[in-house]
Each structure stands twice: as C-alpha cells, then as structure tokens.
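Worth knowing before you read on, the calculation uses all heavy atoms, side chains too, and leaves out hydrogens, waters and symmetry mates. Values in this document were obtained by computation on a predicted structure and should not be read as measured data. Proteins get letters first, then strands, A, B, ... in listed order; numbering begins at 1 in each.
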Protein chains: 2
Amino acid sequence: MKKIAIIEDDKELKVLLEKYLNFQNDLSCETSVESIEEFLSEVNKQDKPDLIICDIGLPGVSGIEGIKILKEKIPGVEVVMLTVDDNSESIFKSLCNGASGYLVKNTSLDKIKESIDIVLNGGSAMSPNIARKVVEYFTPAKHVESELSDRENEIVEGLVEGLSYKLVAHKLDISIDTVRHHIKSIYRKLNVNSKAEVIAKSYKGQI
Amino acid sequence: MKKIAIIEDDKELKVLLEKYLNFQNDLSCETSVESIEEFLSEVNKQDKPDLIICDIGLPGVSGIEGIKILKEKIPGVEVVMLTVDDNSESIFKSLCNGASGYLVKNTSLDKIKESIDIVLNGGSAMSPNIARKVVEYFTPAKHVESELSDRENEIVEGLVEGLSYKLVAHKLDISIDTVRHHIKSIYRKLNVNSKAEVIAKSYKGQI
DNA sequence: TGCAACATCACATATTCATGTCGTTGTTAA
DNA sequence: TTAACAACGACATGAATATGTGATGTTGCA
C-alpha cells in the first residue's frame, strides 16, 4: 500500500482525486492540502507519503518552487505535477527541480492512476503534449536550420570541445589561418564576437 | 487512414507488427522492410508514410543515423523508435536526430498502437523507463559540493555569460587583476586552462 | 558560362587571455 | 597564536584571439 499526498487548491478536484485514490486498493491518500505551506505544517503529524501530486498555480509558494522543498523535507519522495500550465518554462523548471511526472489537468482519472503506478515503479510519466515539448527540447536547432556550412560546423564542434585555433587546425588538417577565416564567417553569421558566445549558443542548442 | 512503415530486422516482430497494424481500422502498413537502405529503395514506389516505426540495431545504417535520412527524405514524417536498446546515449541521440517517440521492445501491441495515435496527434510517447532517463537529464546529480568558492562561482557565471575579464571586473566591481587571480584558482581547481573549457564544463553541469 | 558560396592560405595589428611572482587584508580552524 | 585560506590587488610576458585586407581554387546552379 503506497501513500499518496495531494497539494491542490482547486477544492473540487482535490476531493475528487482523494476519493478516487482511496478507492484504489493499492493506494491510500491521507494527506490532501491546498498549499505547500499547509503541507509542511501537516507532514510531521502523519506518515511520509511515497508520492506527491502537486499543482503549480498554488497560493503562496508555487508548485515549482515547492518541488525542491518537498524533496528536501522527504528524501526520495516522488513528485508528479498536475496542472493546467503547459508552457515550456514551467515544464522544464519542474523537471529541473526534480519532478518525476508532469500531467495536464484534463488527464483522465485512470490515466492519473496509471501514471502514479509508473512513477512508483521507477518510471516517468508525461502527458503526450508535454512529452512532445520535452522531446523537442533536444531538437531546437532544426528550427533555425543551422545556416552554417558543414565546414563551419566542424569548426564550431572544435571550439565547443574547448580546443584552441591551433588544435582545431590540426584536427581538421588545415592551416590556422583558414580556421581564423571560418571563425570570422561564423561570428558574422551567428552575430557574436567571441569563442565564449559560440560555445554558449551551441550548448543552448542555438546552432 | 494513416500510413505506417516498419523498419525492423527481426522478421518475426516485423510480420507480427505489420499484421497487427493492418488489423486496425484507422491504420495501414504497406511498407515493411529490414533496413534503412531497403526502405530508401522502396519508398519511391509507393505513398509516403505518415509515421515510421524504426529499430536501432539494424544491419548497415543504424536506426539512429537513419532518423536524419528518413526525415530528410520525407519531410514531416514522424519517427518512433522501437528497440531493446535503452542506454542513455542511444536515447538522446535519437531524440536529437528527431525521433518523436521511443519505445522498448517489450511494449505491448496496444501500447504501441496508443503511442502511434499519440504521435500522429502531435504528442510524444516514451516507455516509462525511457521517460525517466529523459526526465533525469534535467536533474544532473547534484554537483558534488562545487569546490569553488562563492566568489569564484560568480566569476564563472560571468565567463559563461560570455563576458571578458574587463566586463567581469566591472560587473563585480573589482579590478581586472583580481579577476585574473580568481581565474587562475578556478583553472587550477577545475584542471583546465582556458575560458572555453570552463564554459563547456559549466554547460555540461560539471561545475 | 559565369556568378555565388564555399574552402583554402597569408600577413598584419590590437586586444584579450593565460600564467607567473609578489604583496595586503581579514576570517577560520587547529 | 600560528597556519590555512579567501578575497583583493599590481606588474610582467608570451600565447591566443578578434578582425581586417587580399588572393586562389572548387563547386553548384541558373
């Protein structure tokens, strides 16, 4: 029997979820509150939950900030966001803070149950459109369609590895002056003027 | 009616999947081949598929490399990986190359169908343990107590922003020589010897 | 066929960076 | 109360970087 806690300021949803979860024969939900603050004042009175379902748009401390606090207070607890907020910033901040799941609020009750099971078994669960945004995080470059030539991209690769002009030249077996030449073109195209900016852009997926 | 193609060298699975998909009344599968190369020679003979289910461990061109080729050949096509390979490198390379889904091979047929529907509707689908690895990508193991001092970390921040020593000095309101001094310590502690490497390390979450 | 884009190399100059050695404070832990 | 360390600063030198001008050869496309 796993213990679930709910932090959700929409009272109707909170009660519905609580009842639904307690109806499951492998889950129990004793803690059901409306804010991070309330949760923290309640949490010592009873058993620590195994998993917390948490809204983002909460009064006081937001759900995103809350993740860090919750996981610090209860090491090893899993946190699944349940929210209407599907903008990329909220998604990524939640994941960075340690959320193991991210569901949008129109998710059906049995999909929520399925997601809870998945997360309790060491997996992660996301609503399809959330997963899409996460997946697309890995392919942002395609949008701008790197305007750099193949050779220029090879040069950038070298820079990103932290190589000096000389080493890039050696690696590509060209002269250092040619490296310089390409870098001038790269800087112009990317509108930057230092190695540092190129590396930053690259790591941010902007190349 | 959406068209699905299968690239899978396990003949048994290939045939099973093909039959199962053709059994669905909203899907059809006419293209079912055993390698990227074979797919490319077949693809012009019939209608372009809307979605391709692709293995990774293929003879010849690997599935990971294949994604780029497929998407170039058929702009807008969705690619879902179906593989036994669940190591992080394969996952991230696939996503970087443009895969919209990543399923492990023990996924049930109806879960595969569900994933196809999700992807065709603009979402993304991943097996739970794959999703976990993707989610964990965003929470790199807490940097083991950054051995850098607070001030040194501020300097690093400046470098990562692409600032010159002069600008870092101005920003922190200290002399450029002091910036130099700190950077010497930083390089020693991080065991590097250029701005580029510091920035790279920072972006890789190694600071 | 000729232009545009790419890749190659050279020379020059000013700035920035990497690194060393040498100091002064102030705080902290043995 | 030393010792260790953090933060601050100065001076100096050689290497690397940023940027400009200019030239030659290839390739793809209109």
Item to complete: Would you indicate, yes or no, if dA18(D) has its OP1 or OP2 atom less than 4.0 angstrom from a side-chain nitrogen or oxygen of Tyr187(A)?
Response: yes

To the nearest angstrom, the NZ-P distance between Lys184(A) and dT17(D) comes to 14 Å

With a 4.0 Å cutoff (strictly under), does any side-chain N or O of Ser149(B) reach OP1 or OP2 of dA7(D)?
yes

### Distance below 4.0 Å between Arg180(B) side-chain N/O and dG9(D) OP1 or OP2
no

From CD1 of Ile186(A) across to P of dT8(C) the rounded distance in Å is 11 Å

Hey, does the side chain of His181(A) come within less than 4.0 Å of dA7(C)'s phosphate (OP1/OP2), counting only N and O? no

Is any side-chain nitrogen or oxygen of Lys195(A) closer than 4.0 Å to OP1 or OP2 of dT17(D)? yes

Under 4.0 Å: is that the gap between some side-chain N or O of Tyr165(A) and OP1 or OP2 of dA18(D)?
-> yes

Q) Does Lys105(B) come within less than 4.0 Å of Asp85(B), counting only side-chain N to carboxylate O? A) no

| message | Would you say Thr178(A) places a side-chain N or O within less than 4.0 Å of OP1 or OP2 belonging to dA7(C)? | response | no

Check: So, does the side chain of Asp177(B) form a donor-acceptor pair with the base of dC11(D) at under 3.5 Å?
Finding: yes

Atom CD1 of Ile199(A) and atom P of dC17(C) are separated, to the nearest Å, by 13 Å

query = Would you say a side-chain N or O of Ser185(B) is under 4.0 Å from OP1 or OP2 of dA6(D)?
reply = no

